[in-house]
Engineer: 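Quick one: the structure is below, and I'll ask about it shortly.
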Amino acid sequence: MSYWLMKSEPDVFSIDDLKRKKREAWDGVRNYQARNYLRSMAVGDEVLFYHSSCAVPAAVGIARVRKAAFPDPTQFDPGSDYFDAGSKPEDPRWSAVEVEFQRKFKKPLPLELLKTLPELAELALVKRGNRLSVMPVGETEWQAITALAT
DNA sequence: GCCAACGTTGGC
DNA sequence: GCCAACGTTGGC
């Protein structure tokens with residue numbers, strides 16, 4: 001089993017939204033590196049849910065991959081913000097996965113805190129200029145983070 | 001194929 | 001709101 005971290009802006013879609021909806025398609029990813037990670041996900045993989053672009057950027061809970069990568073429907077929807085005229089249905093450019101709510105941490109683990117953990121020194125999240133919205137998390141990294149979660 | 005311009009992300 | 005970092009676009 002693999003571990004991942006996925007960013008979401010809480011104003012758009014928060015851990016509470018996922019908790020309420022139970023499961024959600026993770027679509028709209030329009031970055032090739034992030035897309036490739038989506039395609040590497042397997043059912044059952046665990047995902048750290050991270051809130052970005054907000055007052056306190058933080059890891060806030062855990063989700064689980066419920067459905068492996070499939071063509072992101074929003075790329076073919078002209079009404080969607082994520083519409084991609086260059087993507088052909090016979091050769092979809094973008095992928096989505098479906099995730100399912102697992103749990104919400106009682107207290108968020110702020111980026112500021114995560115940055116202090118020596119185990120996370122190599123995690124893309126804490127690196128300068130990091131913009132990747134989907135990234136792999138190593139076993140040791142996962143343990144270090146979840147050990148702090150309540 | 002290079003690279004400047006531009007747009008986006010995301011922390012602060 | 002600002003700005004650094006980075007990806008993408010498009011002219012040449």
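Chain A is the first sequence line, chain B the second, and so forth, proteins listed ahead of strands; every chain is numbered from 1.
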Engineer: Which atoms of nucleotides 1-3 of chain C (N or O only) lie under 3.5 Å from a protein N or O atom, and what are those distances?
Structural biologist:
none

Engineer: Return each pair, listed once, that meets salt bridge (Lys or Arg N to Asp or Glu O under 4.0 Å) where at least one residue sits in residues 113-128 of chain A; pairs must be two or more places apart or across chains.
Structural biologist: E122(A)-K127(A)

Engineer: Which pairs pass salt bridge (Lys or Arg N to Asp or Glu O under 4.0 Å) with one or both residues in residues 78-92 of chain A, sequence neighbours excluded?
Structural biologist: D84(A)-R93(A)

Engineer: Check whether the side chains of T74(A) and D77(A) place a donor and an acceptor atom closer than 3.5 Å, and report yes or no.
Structural biologist: no

Engineer: For K104(A), what residues pass the salt bridge (charged side-chain N to carboxylate O under 4.0 Å, His left out) criterion, not counting sequence neighbours?
Structural biologist: D16(A)

Engineer: Listed by chain and number, what are the salt bridge (charged side-chain N to carboxylate O under 4.0 Å, His left out) partners of E98(A), not counting sequence neighbours?
Structural biologist: R66(A)

Engineer: What residues, two or more places apart in sequence or in another chain, satisfy salt bridge (charged side-chain N to carboxylate O under 4.0 Å, His left out) together with R103(A)?
Structural biologist: none

Engineer: At under 4.0 Å between heavy atoms, how does the protein contact nucleotides 6-12 of chain B? Give one character per nucleotide, 5' to 3', with B, S or -.
Structural biologist: -BBBBSS

Engineer: My understanding is that only residues two or more places apart in sequence, or in another chain, count here; which of them pass salt bridge (charged side-chain N to carboxylate O under 4.0 Å, His left out) with K21(A)?
Structural biologist: E24(A)

Engineer: Once ring pair (Phe, Tyr, Trp, His ring centres under 6.0 Å) is applied, what residue pairs with a partner in residues 125-150 of chain A remain, sequence neighbours excluded?
Structural biologist: Y3(A)-W142(A)

Engineer: When you measure from every atom of DNA chain B, which of residues 76-92 of chain A have a heavy atom less than 4.0 Å away?
Structural biologist: none

Engineer: Sorted by first residue and then second, give each side-chain hydrogen bond (donor to acceptor under 3.5 Å, both in side chains) pair with at least one member in residues 51-62 of chain A; sequence neighbours left out.
Structural biologist: none

Engineer: Members other than W94(A) in its cluster, when Ile, Leu, Val, Met, Phe, Trp, Tyr link by side-chain heavy atoms under 4.5 Å?
Structural biologist: Y32(A)

